[in-house]
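Below: the structure, in structure tokens.
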Amino acid sequence: MFSSRWRFGLDRYSEVDLFTDRYEADVETLSQAIRAAASEEPDADGSVLFGHLKGTVVGLRYYTGVVNQGEMVGLVRQPENPYDRNAVMVANIYGNQVGHIKRELAAAMAHVMDNNLAKVEGVVHSGTKNTFTMPVMLSFWGKEENKNAVIEGMARRGYKLNTGGSSATVVIPFFFQLKNAFDNLFDGLMESKDGEKEASVGTPLLPHQKQALSWMCARENKSVLPPFWEKRGELYYNSLTCFSAKEIPERIRGGILADDMGLGKTLTTIALILTNFHNGKPLPVETFVSVAVCECHQLEQHVRANVKLNVYLYYGSERNRSKAFLSSQDVVITTYNVLSADSGNKSPLHGINWLRVVLDEGHVVRNPNAQMSKAVLGLKAQRRWILSGTPIQNSVKDLWMLLAFLRLKPFDVREWWNRVIQRPVTQGDRAGLQNLQTLVKCITLRRTKSSKVNGRPLVSLPEKAVCVEQVELSQTEREEYELARNEGKNTIRKYVTEGTVLRNYADVLAILMRLRQHCCHPDLLAKTSSDLGKTSTPAELRERLIDKLRLVLASGSDEECSVCLESVHLPVITHCAHVYCRPCIAQVINTEQETARCPLCRSEIKANELVEFPQEEMEEEKSTNSDKWRTSSKVQALMGNLLRLRCEDSSIKYLVVSQFTRFLSILEAPLREHGFSFVRLDGTMSQKKRTQVIQEFQSSAADSPAIMLLSLKAGGVGLNLTAASHVFLMDPAWNPATEEQCIDRCHRLGQTRKVVVTKFIVKDSVEENMVKIQRQKQDLVEKAFGSSNTERKTSRIDDIKALMEL
DNA sequence: ACCGCCGGGTGCC
DNA sequence: ACCGCCGGGTGCC
């Protein structure tokens, strides 16, 4: 549904041409209103087509909005219309009113629209026959469960939906069937015919950065029609929406620089700021230019190092909120949080007309409902840029926010984005995907580390060697391991025979977990509860569930929520021991009420039976049992390596990586004992502490730490640990990509030494099997994206069987 | 003539 | 609107 603001906006300003984005207060208010309404447009996901209906648009002579043959129109309810509270307004893509739906039909549609039973869309096929009315083809979309209500509701009022023909439309609720296509969406966007532009930046630009700079300058300066627009005689015509206009469509001054991380996007952007002020002339000193929204302030470092620029860091409680002051700066840097906190109440950042707004790590804003996104969309600027190595995190949906920020019309209004791109693409429409590709191609430059310019790789990284070191368990360790393995094998075999692996998924993971812990260090098992099954008191049940939750979360399996298919956020565990995001499972329960069942095993679930991780346990988790310290074969293997290497070259720095933070704690003792200086980085640390630790480790000072104990998944992709050139992976991960990402933290731009990776794998153990599976994993992951959720889980079961040699 | 028919006025919601 | 609808004028053929 559109908000009242949208309706208000269109009633009052229906004559305003939204297309030319003049900076007049009214226009700005209106486009803001439309954008606000746009973000409330519900997702098209899961919508099915109920049917078509031919209707009439009347009152054309009272309005200026024009529509061409084949053009899509929007239908907007006007409950406040003084002549008819059932009124349905018809508007073209630019929000200009075209007319109204004929009264009787509007009454029927109002019922359907107001009760949220269907979304109605219109296409004008035949064009205007006369100056008074015209036919419109209406299509009704909505949730399957509302289909009959809509068809009957319309029929009762004498309108029979034409449902024939397209009943074969299959809507697949998730989008991963096209995941591969999305992954490739940003591939091959590297041709840049704009040459290489020199820039007077302190740091010399690499050839690919000069290319990017030329491309960015061209996008800011050159007059090119936006995607899908062509000139037809006197008119400009949009081939996707069939809209045509007399005025030249406003071009997008900006785009998405989607180079891989480490290729110097930030540096290139600084070069752009310096070299392309007005009319392709360099920036004269002392002139305001840009606002950049950053996550890491990397920008500041470059700028400071390179040129004399007025740079203001706009954050902290003492920040200068004067518009005049901010306008006098060359660059203003702020964070998404500050921007979001400021927006609304007389935000100076929102009051200034910026020459350029740059979103660093732009993928951070992708949820259109988030405050942060609204704050970003509200910025006024002539030129707009998004820097992101990973513009699509999960699905096509992520792109909307980016296009909306760039104001790529008409897609900055969600309805048109949904109709023209998102729905066709999610429903597997090839043309839709192709349109999306064209769209992205027009505004994006992306190169990967492996891309080549003139036959040469973009960046030459030092060599990387990966070796696996087999670890033999001691006799005692082996005996304990075999005991646990046989016990677990019997349990899992039982589940497989019964076909209840999914129902007992947490147990299975727990068994595997224990075996993996055995491979690292016996003390890792200390907190694991032993007996499973037998239910006793509610308190004991709860305790056991929390135990399982802890195991699942700590298992490093990158457990995903089966509802949203993303990493679990705010994890809760059901009584049947399956882990979901709290909001996801709460929605399932809310929708299905008493009949709610676990999406994985179909056991009954209730809202009050969801168990979450107690806060005090989170704290407790950090402290380890201070029992007497003992060693393990794997600890010995690591220490052997470290001592030998220290003799060979004392200048090497090391990353010691484990999925078990408690294993990292165990390692601290022998490191101290042998006089190794080390720091530690794990997910529990505050942002401030992390920065401090990273700086310490990256320092080249003689007394700087030689080792970083690193938890496998700590830190984002931007984490730069190039001081290290040797990586010890203490235990294998389920997902080889996780290991790769971790290695890439030191094997990246800025690394000067050869990188050596040592993976410790316990011989004849579940770890060896994990490595075997890893080899096929890449393939499996790709297949899984092309299959259903159940198939993915089934392949997981096969993994488990292989791991346990069943 | 409590109808039919004719032709002018008129027109979104 | 070269329509439909409304309501006033009109009334055998």
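Just so it is clear, the model here is predicted, and its values are computed rather than measured. Numbered from 1 within each chain, the chains take letters A, B, ... in sequence-line order.
For the 3.5 Å distance criterion, the side chains of A:Tyr314 and A:Asp342 qualify, holding a donor opposite an acceptor. Side-chain contact of A:Asn68 with A:Glu71: a donor-acceptor pair under 3.5 Å is present, judged by distance alone.
Between A:Trp385 and A:Trp354, the gap from one ring centroid to the other reaches at least 6.0 Å.
By the stacking rule of 5.5 Å between ring centres and under 30° between planes, A:Phe132 stacks on the base of C:dA1.
For B:dA1, the base is syn relative to its sugar; the glycosidic angle is within 90° of 0.
On a pure distance criterion of 3.5 Å, no polar donor-acceptor pair joins the side chain of A:Tyr83 and the base of B:dC12.
A salt bridge (charged side-chain N to carboxylate O under 4.0 Å, His left out) check over residues 151-160 of chain A, counting only residues at least two apart or in different chains, returns nothing.
Distance CE (A:Met134) to C1' (C:dC3): 18 Å, rounded to an integer number of Å. Between the C1' atom of B:dC13 and the CZ atom of A:Arg77 lies a distance of 11 Å, rounded to the nearest Å. Following rounding to the nearest Å, A:Tyr63 (OH) and B:dC12 (C1') show an atom-to-atom distance of 6 Å. In this structure, A:Tyr62 places its OH atom 12 Å from C1' of C:dA1, rounding to the nearest Å. Computed from coordinates, the A:Met89 CE to B:dC12 P distance equals 17 Å when rounded to whole Å. Atom CG of A:Asn81 and atom C1' of B:dC12 are 9 Å apart (whole Å). Atoms NZ (A:Lys102) and C1' (B:dC13) sit 11 Å apart, rounded to a whole Å. The distance from atom NE2 of A:His100 to atom C1' of B:dC13 is 4 Å, rounded to the nearest whole Å.
A:Phe132 does not carry A:Arg61 over the face of its six-membered ring by the limits of under 6.0 Å from the centre and within 45° of the normal.
B:dC6 and B:dA1 have their C1' atoms separated by 15 Å, given to the nearest Å. Atom C1' of C:dC13 sits at a distance of 25 Å from the matching atom of B:dC2, rounded to the whole Å.
Applying the 4.0 Å criterion to OP1 and OP2 of B:dG11, one finds that A:Arg61 has every side-chain N and O outside that range.
Of all nucleotides present, only B:dC5 satisfies the Watson-Crick or G-U wobble test against C:dG9, with each distance under 3.5 Å.
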